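This is a predicted model, so every value here is computed, not measured.
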Amino acid sequence: MTGVKIARPPVQDAPEARTNVVLPLLDAPWNTAVRLAAQAELVHTGRVSRYLQESDEMTSKNSLRYHRRTDAFAGDPMHAAAGLAASGRHDEYVLYEDAAHWTYAGGVLAEIYADADGIHLRGVAEEDLPWDDRPFERVQALLRALPVDGWHAYGWAAFELHHACAHGTARGDGRYLHLVVPRTEVRIRAGQAHLRSVDPDDLEATSAVLSRREVPDRSAAAPIAVREYGAADYKDRAQRAVDLINSTAIEKIILSRKIPVERGVDFVGTYLTGRAGNRPARSFLLDLGGVQAAGFCPEIVVQVDTDRHVTVRPLAGTRALTGDREEDARLRADLVGDPKEVYEHAVSVKQACEAVSAVCASVVVEEFMAVRERGSVQHLGSTITGELAPDRSVWDALMAVFPSVTASGIPREEACAAIRDLETQPRRLYSGAVLSIDQDGTFDSGLVLRGVYREHGATWLQAGAGIIGQSTPDREFEETCEKLDSVARFVVHS
């Protein structure tokens, strides 16, 4: 890892994201400014600045103010946020738990999404832009020009977004990226609920839902048997992956398998039950753009604070957590002493360092090979930090590490190509990311690996294992079962 320092200072929590309040509204000159900036290929960092400055000046003169209030809050933020999701006040929503807040974002004031036809803005205005090989710069231009001062955006990015970005084009059905700026937002932290909405009636109604402190009704979980489905198929594909690694320059492939869920799923109930049984780095519950999901992210993809400090925390290397202290201690010792697991983690950290170094200066491995407990499994984990270069954006930081090395493989391009050959269906949200970005530059993203998903009428669970040249198909299949149990034990049916 040339050029990367390794140290062990204490890891600091990211500072609280500042919550600014204000505005939305749009007029024709804003559309013109964005079109000039984006379609004239001026969306590269710095080159679009004068157009964005002009649009900022226009929107600051034509704005509606968010209505806001702050309520004292003494309840359980998980139940409160899930209660808002279950209340039916908003057809679409994102619930996101990060290190600082529980956030509920309901309704759509503005949305930006990417599909095979291009990048689209809807809501406060309409704009349609074609694909190129740097779509995030167009997304950034659209967000920065929004007439919403102090905006916060939430959403998700599909695993296949990487391939679309790498080739400058997108194919197939469905969306690759979906972000919304909500009409109504609640952030809960440290005994206070900060609410804001463009609709004063919705603001008061949302406050009333919070004050009732109602726990959403939920049935008992009905665990899904994960060892009874697809074992032979997965082991066959795992052996093919091992053979490919041993005959090419590929070092690691994250190979996954799906478990179909035939019965209906109560996503709010599953989220509440599963969150109580997991220790995620992030968690989420969403119903957005035809995608429903609930999940418990074992790691972040990338985090950027207001000082442009970048953090990545890869996890690689796995053993089960059984609930028996002596057995878990034995498995932990086996994990940290297993050459295969240590190698898998070390190459993942090396790859992550190289990715972060492409957009950051002063890259440091602050913590190496600690053990992290995540629901039904324990992992080896490390922490990598850096300072975002002056000419780089938070979207550059995301693109540098997306999809995460711990969800794709090494080298990333070759591993992703192998995944497309070895897995018969697109991954979609699985091994993609749930995103939170604020206008002040704060960016947070959770790696979507432990969850339940519904799209196009199908519901499923999904998990993978890191295949290297020394892997055995039986052990890798067992690892997928251990990971699936983080969700499968907690599924609540509707």
Side-chain angles (χ1 to χ4, degrees), residues 17 19-39 43 48 51-52 54-68 89-96 103-115 117-129 135-157 175-187 195-200 202-203 206 286-291 393-395 434-444:
T19 302
N20 301 322
V21 180
V22 206
L23 352 171
L25 196 65
L26 205 62
D27 52 12
W30 182 88
N31 279 339
T32 303
V34 172
R35 190 177 294 109
L36 285 170
Q39 292 185 346
V43 292
V48 73
Y51 292 99
L52 295 176
E54 291 170 2
S55 63
D56 288 343
E57 292 172 357
M58 288 184 286
T59 57
S60 66
K61 299 174 184 177
N62 300 278
S63 60
L64 293 177
R65 187 171 296 272
Y66 268 108
H67 304 272
R68 59 176 175 173
R89 290 211 57 80
H90 306 103
D91 291 337
E92 296 188 297
Y93 61 82
V94 177
L95 183 164
Y96 187 65
T103 299
Y104 169 81
V108 177
L109 178 62
E111 64 179 339
I112 297 171
Y113 64 90
D115 59 19
D117 295 325
I119 301 166
H120 314 279
L121 170 68
R122 296 292 183 268
V124 293
E126 293 192 1
E127 197 68 55
D128 297 288
L129 306 175
F136 278 146
E137 291 184 349
R138 296 190 168 192
V139 171
Q140 180 185 6
L142 291 172
L143 281 171
R144 288 180 60 188
L146 280 175
V148 183
D149 202 11
W151 52 258
H152 308 146
Y154 307 91
W156 53 265
R175 295 177 177 179
Y176 294 85
L177 173 75
H178 195 160
L179 296 172
V180 296
V181 175
R183 295 183 62 82
T184 298
E185 179 185 67
V186 179
R187 284 188 170 183
L195 297 82
R196 65 181 193 169
S197 179
V198 295
D199 180 347
D202 195 29
L203 181 70
T206 300
L286 62 84
D287 188 342
L288 187 62
V291 175
S393 73
V394 295
W395 295 104
V434 177
L435 310 174
S436 169
I437 178 170
D438 290 1
Q439 191 177 35
D440 65 6
T442 305
F443 186 92
D444 199 86

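The distance from atom CG of D149 to atom OH of Y66, rounded to the nearest 0.5 Å, is 10.5 Å. Taken from CD1 in I112 to CD in Q140, the straight-line distance is 10.5 Å, to the nearest 0.5 Å. Rounding to the nearest 0.5 angstrom, the gap separating the CG atom in L146 from the CG atom in L109 is 8.0 Å. Rounding to the nearest 0.5 Å places NE2 of H120 at 11.5 Å from CZ of R138. Rounding to the nearest 0.5 angstrom, the gap separating the CZ atom in R68 from the CG atom in L195 is 12.0 Å. Once rounded to the nearest 0.5 Å, the distance linking CD1 of I119 with OH of Y113 reads 11.5 Å.
Using a 4.5 Å heavy-atom cutoff, the side chains of D438 and W151 are not in contact. For the pair L142/L129, a side-chain contact is recorded, criterion being any heavy-atom separation below 4.5 Å from C-beta on. Here the side chains of W156 and V94 are not in contact, with every heavy-atom distance at 4.5 Å or above. A heavy-atom distance below 4.5 Å is not found between the side chains of D117 and D128.
Scored by the side-chain hydrogen bond (donor to acceptor under 3.5 Å, both in side chains) test, Y154 finds E185, R187 as partners (sequence neighbours excluded). Residues satisfying the side-chain hydrogen bond (donor to acceptor under 3.5 Å, both in side chains) criterion with T184, sequence neighbours excluded, are S197, D202. Here V108 pairs with E92, E111, V180 under the side-chain contact (heavy atoms from CB on, under 4.5 Å) rule; sequence neighbours left out.
A donor-acceptor contact shorter than 3.5 Å links the side chain of D440 to the backbone of T442.
The two residues A110 and V124 make their nearest non-hydrogen contact at CB-CG2, 3.9 Å. Shown here for L177 and L435, the closest heavy-atom pair between the two residues is CD1-CD1, 3.9 Å. Here the closest non-hydrogen pair linking G289 and H178 is CA-CE1, 3.5 Å.
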Check: What's the verdict on side-chain contact (heavy atoms from CB on, under 4.5 Å) for L179 and L143, showing C-alpha distance, side-chain angles and the deciding distance?
Finding: CA-CA 10 Å; L179 296 172; L143 281 171; 4.2 Å; yes
